[in-house]
There are 2 protein chains.
Amino acid sequence: MRLTRYTDYAMRVLLYVGAQDEERLSPISEISRAYGISQNHLMKVVNDLVNAGYLESVRGRFGGVRLARPAAEINVGAVVRHTEEGFDLVDCGSCIIAPACGLTSALAEALAAFMKVLDGYSLADLLHKRQAFAALFGGELRRK
Amino acid sequence: MRLTRYTDYAMRVLLYVGAQDEERLSPISEISRAYGISQNHLMKVVNDLVNAGYLESVRGRFGGVRLARPAAEINVGAVVRHTEEGFDLVDCGSCIIAPACGLTSALAEALAAFMKVLDGYSLADLLHKRQAFAALFGGELRRK
DNA sequence: TTGAAACATGCAACAAAAATACATATTATG
DNA sequence: CATAATATGTATTTTTGTTGCATGTTTCAA
């Protein structure tokens, strides 16, 4: 049981950008370097977040991305719902006991409990350890 | 986000066997036929459940499997913990912000909420719709 | 007005994990 | 002793997620 790296990266980008000065544009190359992950893949993740309205991107030289709205208004559960494709924990479509199966509802209940927790957090909540972020990204933050 | 088919199959086997008459031995071939899934794979799942003490198996002709303990004493959460390999929702090992990351704890909290729900169910709870099962497996139940 | 730096997008290749198939051994029954 | 069942290890296939590559577009500044 795990989330895709796609979702993982989406959250990392939001955390990174959210830890920056509000107006600052972070180039994707910088973010991918900071995490040591594929710039190509990250580009797609970022683009997805832009289209979903979480990030604002500026093209061209000295471009980059920043939060499109306050971190307090970005809900973690909503982001995960957006980036994670399927939430079918098991494949009931091909199972003949589906109509009589008590597992389906138990799993649905468990999933709801899972998402409810994430729905209770905003990006701002996750950024409470902001000072610690600043230390980690100090080099990047200061650069340029 | 999804569970492996391995876990799915494990639960299906328990539900199938739990719906049978207590003493009856269900051959794996019968179960795999009922669900239309690979007998070989199912064999491994079953074997795992036998070793874990959920099922009792009898070899040889007219052999098969049945529950090793009452359905009320088989906890869904425990089964899922057993069959599902990893519960690392994201890969924090390779992430430099891990020490400052508020996501880690939020995900842990969400996962705990998820498992807590499953821990609240026994196989017997899931079998409440037993009559419906009987109808679905009627053919199999009656056969020898 | 041109080059460089950045985002945007689609397609192809690759890798990892999960599922399935195959082969063979063991056990029990009639 | 043949048959039907579980047990176990290895190989193959499939799926899905990830990465890489190629190309296009936008913006800025020298």
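Letters A, B, ... are given to chains in the order of the sequence lines, protein chains preceding strands, and every chain is numbered from 1.
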Next on the checklist: Applying side-chain hydrogen bond (donor to acceptor under 3.5 Å, both in side chains) to B/E85 and B/Y6, what does each step give before you reach the verdict?
Outcome noted: CA-CA 10 Å; B/E85 296 241 315; B/Y6 191 93; over 6 Å; no
Checklist entry - Atom CZ of A/R66 to atom C1' of C/dC7: distance rounded to whole Å? => result 14 Å
Checklist outcome for this item: Between A/Q39 and A/R61, whichever has its closest DNA chain D nucleotide further toward 5' is A/Q39
Checklist outcome for this item: note: A/R2, atom CZ; C/dA18, atom C1'; distance rounded to Å ~ 13 Å
Checklist entry - With respect to the phosphate group of D/dT19, does any side-chain polar atom (N or O) of A/R5 fall under 4.0 Å of OP1 or OP2? => result yes
Next on the checklist: Expressed as a whole number of angstroms, how long is the span from A/N40:CG to C/dG10:P?
Outcome noted: 15 Å
Next on the checklist: Salt bridge or not between A/D8 and A/R12? Use side-chain N to carboxylate O under 4.0 Å.
Outcome noted: yes
Checklist entry - Okay, side chain of A/D88, backbone of A/D91: is any donor-acceptor separation there less than 3.5 Å? => result no
Checklist entry - Of all of residues 77-84 of chain B, which get a heavy atom below 4.0 angstrom from DNA chain C, listed by number? => result none
Checklist entry - What distance do A/S105 atom OG and B/L126 atom CG have between them, rounded to the nearest 0.5 Å? => result 7.5 Å
Item to check | B/R66/B/D21 ion pair, N-O < 4.0 Å | outcome: no
Next on the checklist: Between A/R24 and A/E30, does any side-chain N to carboxylate O distance fall below 4.0 Å?
Outcome noted: yes
Next on the checklist: What is the separation between atom CD1 on A/I37 and atom P on D/dT18, rounded to the nearest whole Å?
Outcome noted: 11 Å
Checklist entry - Ignoring hydrogens and geometry, is there a side-chain-to-backbone donor-acceptor pair from B/E84 to A/M1 under 3.5 Å? => result yes
Checklist entry - Below 4.0 angstrom from OP1 or OP2 of D/dT16, is there any side-chain N or O of A/T4? => result no
Checklist entry - Does D/dT19 have OP1 or OP2 sitting under 4.0 Å from an N or O in the side chain of A/Y9? => result yes
Checklist outcome for this item: Taken to the nearest whole Å, CG/A/D91 to C1'/C/dA18 is 14 Å
Item to check | Protein-nucleotide distance (B/L3, atom CG; C/dA19, atom P), rounded to Å | outcome: 10 Å
Checklist entry - Below 4.0 angstrom from OP1 or OP2 of C/dA5, is there any side-chain N or O of A/S29? => result no
Checklist entry - Using a heavy-atom distance cut-off of less than 4.0 Å, which residues of residues 41-50 of chain B contact DNA chain C? => result B/H41, B/K44
Next on the checklist: Can you identify which nucleotide, out of C/dT20, C/dT27, C/dC7, has its nearest atom closest to the B/R59 side chain?
Outcome noted: C/dT27
Checklist entry - Contact class for B/L25 vs. all strands (heavy atom < 4.0 Å): base, sugar-phosphate, or nothing? => result nothing
Item to check | Whether A/N75 side chain and A/S122 backbone form a donor-acceptor pair below 3.5 Å | outcome: no
Checklist outcome for this item: Taking D/dC28, D/dG20, C/dT29 as options, the one with an atom nearest any side-chain atom of B/F62 is C/dT29
Checklist entry - Between D/dA5 atom C1' and B/E56 atom CD, what is the distance in whole Å? => result 15 Å
Next on the checklist: Please check this pair: side chain of A/N51 against backbone of A/N47, looking for a donor-acceptor N/O pair closer than 3.5 Å.
Outcome noted: yes
Checklist outcome for this item: DNA chain D nearest-nucleotide lookup for A/Y6 and B/N51: closer to the 5′ end is B/N51
Item to check | Side chain A/T7, main chain A/L3, donor-acceptor under 3.5 Å | outcome: no
Item to check | B/L89 CG - D/dG17 P separation (whole Å) | outcome: 15 Å
Checklist entry - Within the pair A/S57 and C/dA8, is there a side-chain N or O less than 4.0 Å away from OP1 or OP2? => result yes
